[in-house]
Trainee: 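Submitted below is the structure of interest, expressed as structure tokens.
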Amino acid sequence: MDVSYLLDGLNTAQRDAVSAPAGSQLILAGAGSGKTRVLVHRMAWLIQVEQMSPYSIMAVTFTNKAAREMRSRLDELFSATKQPINSRAMWVGTFHGIAHRLLKAHWQDANLPQNFQILDSDDQLRLIKRVYQALNIDDEKWPQKQAQYYINGQKDEGLRPQHIQETADPYVRTMLQIYRAYEADCQRGGMVDFAEILLRAHELWLHKPHILEHYRNRFPFVLVDEFQDTNSVQYAWLRMLAGKESFVTAVGDDDQSIYGWRGAKIENIQRFTQDFSNVQTVRLEQNYRSTGNILKAANGVIVNNNGRLGKKLWTEDVAGELISLYAAYNEQDEARFIVERIQEWVRKGNSNNSCAILYRSNAQSRVLEEALLREGIAYRIYGGQRFYDRIEIKNAIAYMRLISNCHDDAGFERVINTPTRGVGGKTVDDIRLFAREQGCSLWHAAEQMLANRVFSPRAGNAVQSFLNIVVQLTRDSENQALDFIAQQVLEHTGLLVFHQNEKGEKGQARGENLQELITACRAFNPDTNSTEGEIENDEDLSPLQQFLDTAALDAGETQADEFEDAVQLMTLHSAKGLEFPLVFMAGTEEGLFPHKMSGDDPERLEEERRLCYVGITRAMQKLFITYAETRRLYGNETYNNVSRFVKEIPSDCIQEVRLKAAVTRPVSFHRKPNAQILRKGMSDVGEDTGFNLGQRVQHTVFGEGVIVHFEGQGPTARVQINFKQVGSKWLVMQYAKLEAI
DNA sequence: CCAGGACACGTTTTT
DNA sequence: CGTGTCCTGG
């Protein structure tokens with residue numbers, strides 16, 4: 001059989017990885033080294049050459065996006081080469097998606113109700129709030145967010161309350177008490193949070209060896225993407241699945257491990273070769289993305305980390321342009337500089353969406369947005385609220401959850417008074433109390449209380465009308481198409497009108513989103529995944545239930561405007577895996593990046609450095625690094641040094657755009673307490689300067705130029721001028737001796 | 001129910 | 001400083 005198509009166009013290391021004899025592999029894939037391609041070709045190789053059935057291959061990712069990408073690349077490969085294979089035959093999914101599937105198939109063995117519900121972090125926090133009420137715990141003293149963090153952290157480590165050592169420490173005692181009660185509530189209500197899905201899937205195998213055995217036999221090959229991001233439970237789960245017989249292909253990059261703070265264990269990738277037998281290690285170091293200078297900079301930074309598995313990116317590409325470093329006067333100036341560079345870039349015929357502005361923290365985006373807005377440049381911010389996280393969507397989904405299962409307490413609580421129908425907090429409290437006493441669902445409690453005429457007439461009517469709506473919807477939804485159900489929900493609950501009537505642009509946007517939900521329902525295909533060789537299958541799950549599960553496990557991409565030609569703004573974290581011809585890394589200042597919260601801990605500092613490495617390696621052609629010498633943060637001015645990471649970049653691949661010596665600016669400047677304009681940062685006219693924006697001026701030394709910006713007032717007022725000869729400069733009005741032309 | 005004021009908070013985020 | 005949340009008074 002001719003399988004050359006699987007190796008054609010691959011470099012030596014990639015071929016080694018793809019064509020390795022059956023066994024476990026550690027593929028250390030540097031940024032831009034063709035990782036996904038190798039993964040996909042390896043899977044095809046296993047099928048074509050090793051004669052593995054597609055049914056015996058599992059591929060695990062972290063995000064739904066990555067899973068979809070893998071699926072589509074597989075199908076692309078198969079269809080281009082006319083292989084009669086469909087990616088649907090394989091188990092390709094996220095850790096959570098696959099674990100959820102296991103729990104669905106083995107709900108009894110996992111000690112769950114068949115229709116168990118998934119709690120997102122929002123639902124989880126609400127539940128924790130209820131636990132606080134029940135246990136009468138002071139949320140001033142023990143913030144609920146902290147309890148949430150604690151519970152998830154323990155679960156990520158595979159720890160149940162009974163595994164945790166009881167101590168005298170009041171913090172641990174309190175958290176443990178909350179954890180116990182929370183867990184009991186979840187179990188009673190048939191609810192699982194995200195961490196629980198993984199933990200319980202692990203325990204399922206731990207406690208039911210025959211089930212584990214089945215999956216071990218079924219999946220002799222498991223491939224894992226972004227291995228450096230696995231947490232303890234995920235690692236344990238993989239080890240258990242692999243056993244002694246199966247092979248695991250772990251693909252990852254220790255240098256891009258940036259999620260330690262949420263439980264990812266970089267050690268996992270380092271331990272892999274010891275814990276799995278006969279591991280072949282392949283390094284993918286040839287980079288197909290960036291110019292030589294960009295890679296040189298990236299290598300120069302990351303080499304300062306200890307304990308790396310070791311990898312050095314190289315390219316056949318040209319050295320390319322030098323990296324530009326700009327020392328901005330403040331964050332306004334930084335934003336302005338970036339916007340001007342983008343305008344130049346676009347003027348040369350490039351598109352907006354080939355540019356990305358990366359920053360360490362979301363707070364930085366505002367100033368950048370303002371600058372882009374001012375110049376009328378379209379932009380898109382990544383990682384905002386996602387589709388299924390929106391309040392209006394969650395409300396609609398809550399009704400759908402109640403249709404699917406009226407004992408869904410999280411859904412019940414969310415919409416019993418949405419749209420408002422006169423069920424007040426007191427009434428809900430009463431229902432909650434009754435349910436707790438009876439150990440029943442809120443729905444059941446409400447029914448009982450109505451039958452016993454516990455409510456005041458008014459509250460009773462309101463509750464009854466809520467129950468009626470859900471009952472009616474449930475009846476109307478039987479055997480109906482998903483989009484029809486959604487439509488019914490929006491109409492009969494009054495949700496659509498309710499949200500549309502919200503004031504401002506909000507109403508319109510929310511209405512549109514709800515319409516979008518109907519579209520999503522129409523487009524939804526119930527999982528027709530092959531069930532060959534499975535102990536049980538999920539054919540008996542209603543499309544509604546399947547949709548709800550999908551919605552819970554896939555927050556939905558920020559769909560709108562995806563194809564608009566807009567400059568991309570995002571944090572360094574969300575930039576991982578992406579690439580852009582032109583990249584700006586903004587705010588590279590000590591205290592901000594590396595962030596002061598990570599400053600003193602060497603481990604966290606290394607993670608910040610990896611983040612910097614990720615940032616640099618996003619750039620394909622040109623990278624600008626900027627920092628602000630003065631930055632207004634939380635209302636007060638901070639003076640920062642350039643980030644240590646910038647200093648780690650080899651000096652021969654970076655150039656300063658504007659030499660500090662060429663800049664005139666006050667050594668110290670005193671803020672006038674009442675200078676509103678000054679605090680705002682800038683104005684359109686030069687107030688009392690006698691000059692206007694856009695005015696042409698003459699300077700005794702620099703010659704002719706145009707005023708592009710003002711800042712401040714009175715004697716300390718500064719002005720930015722684009723000089724014909726010497727370019728852009730900041731000058732202090734007082735000393736500049738400008739003449740209008 | 002809602003507006004408006006007091007108040008807390010301020011790294012990164014997927015599932 | 002700007003934002004989001006909580007609470008109170010109308």
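Note that these values count all heavy atoms, side chains included, but never hydrogens, waters or copies made by symmetry. Given the structure is predicted, the values throughout are model-derived calculations rather than measurements. Chain naming here is simple, since letters A, B, ... match the order of the sequence lines and numbering starts at 1 in each.
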Trainee: Under 4.5 Å between any side-chain heavy atoms of A/Trp237 and A/Leu198, yes or no?
Mentor: no
Trainee: Is A/Asn231 near enough to B/dT14 that one of its side-chain N or O atoms lies under 4.0 angstrom from OP1 or OP2?
Mentor: no
Trainee: With sugar-phosphate meaning primed atoms plus P, OP1 and OP2, does A/Glu196 contact a base, only sugar-phosphate, or nothing at under 4.0 Å between heavy atoms?
Mentor: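 Answer is nothing: A/Glu196 stays at 4.0 Å or more from every strand.
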Trainee: Select one nucleotide: of C/dC6, B/dT12, B/dT15, the one nearest the side-chain heavy atoms of A/Lys129.
Mentor: C/dC6
Trainee: Under the salt bridge (Lys or Arg N to Asp or Glu O under 4.0 Å) test against A/Glu413, which residue among A/Lys394, A/Arg130, A/Lys129, A/Arg401 passes?
Mentor: A/Arg130
Trainee: What's the gap between B/dT12 and C/dT3 when it is taken at their P atoms, as a whole Å value?
Mentor: 15 Å
Trainee: With the side chain of A/His573 defined as its heavy atoms from C-beta on, choose the nearest nucleotide among B/dC1, B/dT13, B/dT15.
Mentor: B/dT13
Trainee: For A/Asn501 and B/dC1, give me the distance from atom CG to atom C1', rounded to whole Å.
Mentor: 14 Å
Trainee: Checking A/Arg610 against A/Tyr613: charged group under 6.0 Å from the ring centre and within 45 degrees of the axis?
Mentor: no
Trainee: Between B/dT11, C/dT3, B/dT13, which nucleotide gets closest to the side-chain atoms of A/Trp261?
Mentor: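 In terms of side-chain proximity for A/Trp261, the closest of B/dT11, C/dT3, B/dT13 is B/dT13.
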Trainee: Round to a whole Å and report the spacing from CZ of A/Arg631 to P of B/dG10.
Mentor: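 Taking atom P of B/dG10 as the reference, CZ of A/Arg631 is at 19 Å.
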Trainee: Give the nucleotide from the list B/dT13, B/dT15, B/dT11 with an atom nearest to the side chain of A/Arg262.
Mentor: B/dT13
Trainee: So which nucleotide from B/dT13, B/dT12, B/dC1 ends up closest to the side chain of A/Asn417?
Mentor: B/dC1
Trainee: Let me know, please, whether A/Ala552 or A/Val423 comes out on the 5' side of the other along DNA chain B by nearest nucleotide.
Mentor: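 Residue closer to the 5' terminus by nearest nucleotide: A/Val423.
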Trainee: Please identify which of these residues, A/Val233, A/Ile197, A/Leu238, meets the side-chain contact (heavy atoms from CB on, under 4.5 Å) condition with A/Phe95.
Mentor: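 Result for side-chain contact (heavy atoms from CB on, under 4.5 Å) with A/Phe95: A/Leu238.
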Trainee: Looking at A/Phe116, does the NZ or CZ of A/Lys104 lie under 6.0 angstrom from its six-membered ring centre and within 45 degrees of the ring axis?
Mentor: yes
Trainee: When you get a sec, tell me which of C/dG2, B/dT11, B/dT13 is the closest nucleotide to the side chain of A/Arg604?
Mentor: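 Nearest to the side chain of A/Arg604 among the choices is B/dT11.
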Trainee: Verify the contact: side-chain N or O of A/Tyr382 to OP1 or OP2 of B/dT12, cut-off strictly under 4.0 Å; return yes or no.
Mentor: no
Trainee: Look at atom CD of A/Glu603 and say whether more than 12 heavy atoms of other residues, nucleotides or ligands are closer to it than 6.0 Å.
Mentor: no
Trainee: Between A/Ile197 (CD1) and B/dT14 (P), how many Å, whole number?
Mentor: 16 Å
Trainee: DNA chain B: A/Ser361 or A/Gly97, which has the more 5' nearest nucleotide?
Mentor: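 The answer here is A/Ser361.
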Trainee: Using whole Å, what does the distance between atom P of nucleotide B/dT15 and atom CD of A/Gln117 come to?
Mentor: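 So the CD-P distance, A/Gln117 to B/dT15, works out to 19 Å.
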Trainee: Base, sugar-phosphate alone, or nothing: which one does A/Asn362 contact when heavy atoms must sit under 4.0 Å apart?
Mentor: sugar-phosphate
Trainee: Tell me what A/Ser598 touches on the nucleic acid: a base, only sugar-phosphate, or nothing, going by heavy atoms under 4.0 Å.
Mentor: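 The residue A/Ser598 makes base contact.
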Trainee: Decide whether a cation-pi geometry holds between A/Arg380 and A/Tyr382; the criteria are a distance under 6.0 Å from NZ or CZ to the six-membered ring centre and an angle within 45° of the ring axis.
Mentor: yes
Trainee: Please check the phosphate of B/dT14 (OP1 and OP2 only) for any side-chain N or O of A/Asn64 closer than 4.0 Å.
Mentor: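 It does not, given that no N or O in the side chain of A/Asn64 lies less than 4.0 Å from OP1 or OP2 of B/dT14.
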Trainee: Just checking A/Phe62: base, sugar-phosphate only, or nothing, at a heavy-atom cut-off of under 4.0 Å?
Mentor: sugar-phosphate
Trainee: When you measure from the side-chain N and O atoms of A/Thr94 to the phosphate of B/dT14, is any distance below 4.0 Å, counting only OP1 and OP2?
Mentor: no
Trainee: Between C/dT3 atom P and A/Arg632 atom CZ, what is the distance in whole Å?
Mentor: 15 Å
Trainee: Select one nucleotide: of B/dC1, B/dT13, B/dT15, the one nearest the side-chain heavy atoms of A/Thr420.
Mentor: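 When the side chain of A/Thr420 is considered, B/dC1 is the closest of B/dC1, B/dT13, B/dT15.
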Trainee: Distance between the P atoms of C/dG4 and B/dT11, in whole angstroms?
Mentor: 15 Å
Trainee: Just how far, in rounded Å, is P of B/dG10 from CG of A/Leu592?
Mentor: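 Result: 16 Å.
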Trainee: How long is the line joining CZ of A/Arg366 and P of C/dG4, in whole Å?
Mentor: 11 Å
Trainee: Could you please name the option among B/dT14, B/dT11, B/dT13 that lies closest to any side-chain atom of A/Thr571?
Mentor: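 Nucleotide nearest to A/Thr571's side chain: B/dT13.
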